[in-house]
There are 2 protein chains.
Amino acid sequence: MTAAGKHQVSRTDTSRRGSRQSRAGIRDVAAAAGVSITTVSDALNGKGRLPDATRRHVREVADRLGYRPSAAARTLRTGKSGLIGLTVTTYGDEPFTFTEFAYFAEMARAATSAALARGYALVILPATSRHDVWQNVALDGTVVIDPSDHDPVVTELVRQGLPVVSDGRPAGTLPVTAWVDNDHEAAVLGLLDHLAAAGARRIGLLTGNTTDTYTRLSTTAYLSWCERIGQDPVYETYPAHDPCAGAVAADRLLARPDRPDAVYGLFDPNGTDLLAAARRYGLRVPDDLLLVCCSESTVYAATEPPITTLSLKPRRIGTAVVQLLIDAIEGIDENRPVEQVIPTELIVRTSSQRRRSPRTKVSPPRSPAQD
Amino acid sequence: MTAAGKHQVSRTDTSRRGSRQSRAGIRDVAAAAGVSITTVSDALNGKGRLPDATRRHVREVADRLGYRPSAAARTLRTGKSGLIGLTVTTYGDEPFTFTEFAYFAEMARAATSAALARGYALVILPATSRHDVWQNVALDGTVVIDPSDHDPVVTELVRQGLPVVSDGRPAGTLPVTAWVDNDHEAAVLGLLDHLAAAGARRIGLLTGNTTDTYTRLSTTAYLSWCERIGQDPVYETYPAHDPCAGAVAADRLLARPDRPDAVYGLFDPNGTDLLAAARRYGLRVPDDLLLVCCSESTVYAATEPPITTLSLKPRRIGTAVVQLLIDAIEGIDENRPVEQVIPTELIVRTSSQRRRSPRTKVSPPRSPAQD
DNA sequence: TTGAAAGCGCTAACAG
DNA sequence: CTGTTAGCGCTTTCAA
């Protein structure tokens, strides 16, 4: 039973005009302003060609009566709700496993702002399409984060004729309207080159055993880079949705006989995981071990040492996804490219710069400007 | 102009039955099943007393036709949308300044789950009530995070007769339906006692210059604790929405002539801010400086040393807020307490435990179970 | 037990 | 330039 389904209509008084307490409707405004309801509607929506005086008068009366147009009625009439769904496909069992908090928070924040700026609001929805709630909310379109291959949510939405834009290149033949993603291969290759240039001889990888596109592409890129350079791959795999598993895998990686002298961690917490593991083995960063991880978290600017991160630019992605979706909803610019690649950014910090200023001494306090 | 406002009705064909492409409506199902639309409605909603055979048959036909009830029509008819607003009041100019990412993410996640479990979905809305979008979405009620004194959003919503539940005790006479909060005073007092018990002689505070309830209550509690203990307050203040300012203020605090030997930081990033500042001044944590900060972030389990944190239990808060709101919407249990206090949790780690095992040696790898 | 009919509040044709 | 009218698709009395 959905929320809306279990309610009774409560208004019992039938003589509309007679009721004094229920919220003012468009006809009340019309009556009070001495015009027709059409005029009220037009005046309030800036439609039609009314004299400014009428428009002002109607608006004034509406204001005085505290009139609020019914969103439901407008939606029913126009077929547009101004609502956009936002779903993040989950790995584990939990309804909402946001493994990458910072990424999601940033992305969602940007998406929300972008939607709001164009007059839309975001509705957070579960990743399971069978949930009642999907049937009970009028959406104009949906944003899907990291859809899995043959994602049932996406399939169902598309079948209903709703535009769907995904954050993350859809695997397989998922029929999304558009998608936005980074060039993960290029990002990984660039980052490995950066590590090699900093003196890394054997670069290790901390990666996930999940099948999502991000993990797959990044891992593949690593393997092909190793092949090209002629280095044996050194990597450990773990389920990305398990926070503890990351620390353990980091430890395993540094415990190997063929211990790498540089590591890239695919997931947000890997930086601290690896740093902790390095400490346990007495490895100094960056002197004995170079470190990079993919993260949006600002904490890596303040760790000891600060850790180089790869940013996927979630804000730009969130914005782009929403723009694409709303364009599709409004039928704007049909022949705009339906795929958009957002560049990543490697934020180089101490952890990936071998042997520069010793940095073991106390450095002077930062001034705000330096950030 | 709102999103829904600027759209035309696109369906031009008037003969409903004649149209073959537009989505199946309830009358199509009725016709195909050879029953009336009333029967279809009842069968699908589990209302009325129909023979099971009819019910099954109707459901089958509806399925075959891919029938999806119109949420807009249902909302218009029943007056309930199954939608709950979620707003976070912002400090600065940005439409969405989530200073406490982890807190918000956790709270929102819990709220979303709780809402979903009861058949509702969450709509993220801006903190400015004058935004068009507020007028364009049919809400059953709203959750407001950290409403400011005389918050215009809350005032307007309540005027419309919508239930409003706030995360954070409302300041002044804000007429919310219910609120949920921690006992911030008790939390701070307990934490200061903990620091004192660990040997702190002069405890400093890193706090915000904003007027929100959380900051105000926490600061007041600190000051009264100092008074009770007979310690001179040592604190630095900064605008909590500026990420850089925190680092600077942390630095200022440790640069003071009356440098504290323990510090409590009110905001999430303060832990790393203070740790970095301590490092710059060559202060060892916890030997020279005890540290606690209020945070939901898991990174403090992995810093060197791990930092003691105060958790506000955002998940429990998010859940409670939604339960209270939905209870109010559905008119359940009218005489339930409209205020609910969620206990905080002090997660004690190395940074607030003076002089135990030296911990300068390499410790063995953690096993997953230890977490 | 089922069906016909009356709207929910609004917008957009189409008259006047 | 303004008003009348016909629904949007559904739920719910109320009568058959």
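Residue numbers begin at 1 in each chain, while the letters A, B, ... track the order of the sequences. Both backbone and side-chain heavy atoms feed into the values below; hydrogens, waters and symmetry mates do not.
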**Study point:** Results of salt bridge (charged side-chain N to carboxylate O under 4.0 Å, His left out) for B/Arg159 - residues two or more places apart only
**Key:**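 B/Glu156.
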
In whole angstrom, what separates [X]'s [atom1] from [N]'s [atom2]?
X       : N      : atom1 : atom2 : result
B/Arg27 : C/dA5  : CZ    : P     : 12 Å
B/Ile26 : D/dT12 : CD1   : P     : 11 Å
B/Leu44 : D/dT12 : CG    : P     : 14 Å
B/Asp28 : D/dC8  : CG    : C1'   : 14 Å
B/Asn45 : D/dC10 : CG    : P     : 10 Å
A/Leu76 : C/dG9  : CG    : P     : 12 Å
A/His57 : D/dT2  : NE2   : P     : 12 Å
B/Lys80 : C/dG9  : NZ    : P     : 14 Å

Practice item. Estimate the overall bend of the helix from C/dT1-D/dA16 to C/dG16-D/dC1 from the end axes over five pairs each, rounded to 10 degrees. Key: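 Answer for the end axes of this duplex: 40°.
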
Practice item. Would you check if there is a donor-acceptor pair between the side chains of B/Ser36 and B/Thr39 at a distance under 3.5 Å? Key: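 Per modelled atom types, B/Thr39 and B/Ser36 side chains form a pair under 3.5 Å.
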
**Study point:** By side chain to side chain contact (heavy atoms under 4.5 Å, CB included) - contacts of A/Thr155 (at least two apart)
**Key:**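 If we apply the side chain to side chain contact (heavy atoms under 4.5 Å, CB included) test to A/Thr155, skipping adjacent residues, the hits are A/Leu174.
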
Check your understanding: Can you name the residues that form a side chain to side chain contact (heavy atoms under 4.5 Å, CB included) with A/Pro69, not counting sequence neighbours?
Key ->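 Checked A/Pro69 against side chain to side chain contact (heavy atoms under 4.5 Å, CB included); matches are A/Tyr67, B/Gln135.
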
**Study point:** Phosphate OP1/OP2 of C/dT11 contacted by A/Arg74 side-chain N/O (<4.0 Å)
**Key:** yes

Checking the side chain of [X] only, and the main-chain atoms of [Y] only, is there a donor and an acceptor separated by less than 3.5 Å?
X        : Y        : value
A/Ser81  : A/Ala138 : yes
B/Thr177 : B/Val164 : yes
A/Arg59  : A/Ala43  : yes
B/Asp140 : B/Ile84  : no
B/Ser41  : B/Ile37  : no

Could you go over nucleotides 1-4 of chain C and give all protein N or O partners under 3.5 Å, atom names and distances?
unit_1: C/dG3; atom_1: OP2; unit_2: B/Ser36; atom_2: N; d: 2.9
unit_1: C/dG3; atom_1: OP2; unit_2: B/Ser36; atom_2: OG; d: 3.3
unit_1: C/dG3; atom_1: OP2; unit_2: B/Thr39; atom_2: OG1; d: 2.9
unit_1: C/dA4; atom_1: N6; unit_2: B/Thr38; atom_2: OG1; d: 2.7

Review point. Between D/dT11, D/dC8, D/dC10, which nucleotide has the shortest distance from any of its atoms to the side chain of B/Arg77?
Key: D/dT11

**Study point:** Working for side chain to side chain contact (heavy atoms under 4.5 Å, CB included), residues A/Val180 and A/Arg316
**Key:** CA-CA 10 Å; A/Val180 178; A/Arg316 291 193 53 187; over 6 Å; no

Heteroatom pairs (N/O) under 3.5 angstrom, protein to nucleotides 14-16 of chain D:
none

Exercise for review: Taking all heavy atoms of A/Arg55 and all of A/Asp42, pick out the closest pair and write down the distance.
Suggested key: NH1-O, 3.4 Å

